[in-house]
Enquirer: 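This is the structure, below, for whatever I ask next.
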Amino acid sequence: MLRALGQAKASRTLGIDISSTTVKLLELRRDGDHYRVESYAVSPLPAEAVVEKNVNQIEVVGALISDLVSRSKTKASQAVAAVAGSSVIVKTIAMPAGLSEEDLEAQLAVEADQYIPYPLEEVALDFEELGPTGGRGDQVNVLLAACRRETIESRVDALEVAGLTPAVMDVEVLAMERAMALLQSQMPDASNQVIAMVDIGASMTTLSVFDSGESVYTREQLFGGKQLTDEIMNRYGLSFEEAGLAKKQGGLPEEYEQDVLNPFREAVVQQVSRSLQFFFSSSEYTELDGIILCGGVAAMSGLDALVAERLNTVTIVANPFAGMSVGPRVNAKALAKDAPAMMVACGLAMRSAG
């Protein structure tokens, strides 16, 4: 069953975020009213190991996760991972009130067929009762989540290859929703506002919109930092690895910022603007109270200021660790640098931090 809505046991559990280009490991522990980062590690994935967030090479990904566990020196043996929002069908369904969990599950299995475009034997289902249906005392709203079993099983298999026990398979947008609570001090009253979170990764950009802290919209599109890497490769005759290193560490010609970096920043702003226009045109919303940039591209110098200026909206770069303490095994400087890309991993690790 897809346990996107359940709870992991409060034991030592790792958040493992498997994207198309990297794997991120994070372990959190409650420290009074705050969290403490106990373990953290990040590693790039070989090309083709994960394509558009689908795990293609289970053994390769599993071996890399095993290496991260070893490097982080964690003692945790359980893991929480997630599937991409585009892989999951989420529907809110009105059901008769008063059903037991077993009867509700049986009834949903009958109802699900009309909402899911795949044979039910190929799908993992999970559900959560949300509360009474507005104006109807005899009905309750139930959140139904469904995902292809093969999508889940490839991640489960990779975790098991690494020697970890999968505790929960979450959904990325729900993990980010959980991590949103950590950003309230950076964006006052975020819990009562309409906030767009733009996750700009290597090859995929995901727009998630939250109203009062709850996800109301998500959309993915093919665009990311790889386009900048490709442009550096083509313009300066570098290999993919050399271009990626130069992008992070510098050493490119003086005209790089003017000729390559600035146009890429403009392209990012255009992508964000188009995504938001699509959201506004397909919903009842007409404005935002703020934008949060996350993902590997988000930390690019000056990007947040440019987005804020062009879209006339308060814009910040996500740092879910701003109010956390850091354990002795953690490289605090590296963690701070990777922070904008750690939102999903953070939301996963929060599930069982005790």
Side-chain angles (χ1 to χ4, degrees), residues 1-5 15-26 42 44-45 47-58 61-62 64-65 79-91 115-118 122-126 143-159 166 168-180 196-210 215-226 271 275 278-279 292-298 318 340-351:
M1 199 173 191
L2 171 64
R3 296 184 58 199
L5 311 168
I16 304 288
D17 176 21
I18 305 171
S19 73
S20 293
T21 56
T22 59
V23 176
K24 306 172 189 74
L25 174 153
L26 186 68
V42 176
L45 278 164
E48 308 303 320
V50 178
V51 178
E52 294 182 17
K53 299 190 178 180
N54 292 313
V55 177
N56 272 359
Q57 299 172 0
I58 291 169
V61 175
L64 192 143
I65 295 172
V80 179
V83 292
S86 57
S87 303
V88 181
I89 297 167
V90 178
K91 297 285 185 182
Y115 300 105
I116 299 166
Y118 312 117
E122 297 179 7
V123 174
L125 299 173
D126 199 4
L143 184 65
L144 175 69
C147 183
R148 295 285 291 269
R149 288 187 182 276
E150 61 185 8
T151 302
I152 296 171
E153 288 168 358
S154 62
R155 277 169 161 69
V156 167
D157 291 346
L159 294 174
V168 171
M169 190 59 63
D170 209 326
V171 181
E172 287 183 358
V173 68
L174 298 181
M176 295 186 82
E177 179 180 313
R178 201 173 300 115
M180 274 278 291
M197 183 174 290
V198 187
D199 184 358
I200 312 166
S203 58
M204 192 86 72
T205 295
T206 303
L207 169 66
S208 303
V209 182
F210 300 88
S215 173
V216 295
Y217 178 88
T218 184
R219 183 171 183 261
E220 296 178 346
Q221 61 189 49
L222 288 171
F223 176 84
K226 184 176 180 297
Q271 289 292 330
S275 294
F278 193 88
F279 163 66
I292 298 173
L293 300 179
C294 59
V297 173
M342 297 292 289
M343 285 292 288
V344 170
C346 197
L348 297 175
M350 288 170 68
R351 294 197 66 121

Enquirer: SG of C346 to CE of M176: how many Å apart, nearest 0.5 Å?
Expert: 10.5 Å
Enquirer: Quick one: does NZ or CZ of R219 land under 6.0 Å from the six-membered ring centre of F279, within 45 degrees of the ring axis?
Expert: no
Enquirer: Do V198 and I292 come within less than 4.5 Å of each other through their side chains, counting heavy atoms only?
Expert: no
Enquirer: For T205 and E220, does a side-chain donor sit closer than 3.5 Å to a side-chain acceptor?
Expert: no
Enquirer: Quick one: are V42 and M342 in side-chain contact, heavy atoms under 4.5 Å?
Expert: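 A side-chain contact exists here, since the closest heavy-atom pair is under 4.5 Å.
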Enquirer: Side-chain contact test, heavy atoms from C-beta onward, threshold under 4.5 Å: evaluate it for V90 versus L143 and give yes or no.
Expert: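 Yes, at least one pair of side-chain atoms sits under 4.5 Å.
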Enquirer: Quick one: pull up CE in M169 and CG in L348 and give me the separation to the nearest 0.5 Å.
Expert: 9.5 Å
Enquirer: Could you give the distance from OG (S203) to NZ (K226), rounded to the nearest 0.5 Å?
Expert: 8.0 Å
Enquirer: Nearest 0.5 angstrom please: M197 CE to M180 CE, how far?
Expert: 5.0 Å
Enquirer: Mind checking the CG-OG spacing from N54 to S87? Nearest 0.5 Å is all I need.
Expert: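 So the CG of N54 and the OG of S87 are separated by 5.5 Å.
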Enquirer: Are any of the side-chain heavy atoms of L45 and T21 separated by less than 4.5 Å?
Expert: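 Sidechains of T21 and L45: no contact.
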Enquirer: Should I116 and L125 count as side-chain neighbours, where that means a heavy-atom distance under 4.5 Å?
Expert: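 Of all side-chain heavy-atom pairs linking L125 with I116, at least one is under 4.5 Å.
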Enquirer: For V88 and E172, what are the C-alpha separation, side-chain angles and deciding distance, and is it a side-chain contact (heavy atoms from CB on, under 4.5 Å)?
Expert: CA-CA 10 Å; V88 181; E172 287 183 358; over 6 Å; no
Enquirer: Can E122 and R148 be said to form a salt bridge (Lys or Arg N to Asp or Glu O under 4.0 Å), step by step?
Expert: CA-CA 6 Å; E122 297 179 7; R148 295 285 291 269; 3.4 Å; yes
Enquirer: When you look at D170 and R178, which way does the side-chain contact (heavy atoms from CB on, under 4.5 Å) test go after all the steps?
Expert: CA-CA 11 Å; D170 209 326; R178 201 173 300 115; 2.9 Å; yes
Enquirer: Are E48 and Q57 linked by a side-chain donor-acceptor pair shorter than 3.5 Å?
Expert: no
Enquirer: Go through the steps for M343 and D199 under the test side-chain contact (heavy atoms from CB on, under 4.5 Å), then give the verdict.
Expert: CA-CA 9 Å; M343 285 292 288; D199 184 358; over 6 Å; no
Enquirer: Would you say that M204 contacts S19 through its side chain, given a criterion of any heavy-atom pair below 4.5 Å between the two side chains?
Expert: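 The answer is no, as the side chains (C-beta and beyond) never meet within the 4.5 Å cut-off.
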Enquirer: Would you say that R149 contacts V123 through its side chain, given a criterion of any heavy-atom pair below 4.5 Å between the two side chains?
Expert: no
Enquirer: Take T218 and V209 through the side-chain contact (heavy atoms from CB on, under 4.5 Å) test and state the conclusion after the steps.
Expert: CA-CA 6 Å; T218 184; V209 182; over 6 Å; no
Enquirer: Report yes if some heavy atom in the side chain of I16 is under 4.5 Å from a heavy atom in the side chain of I65; otherwise report no.
Expert: yes
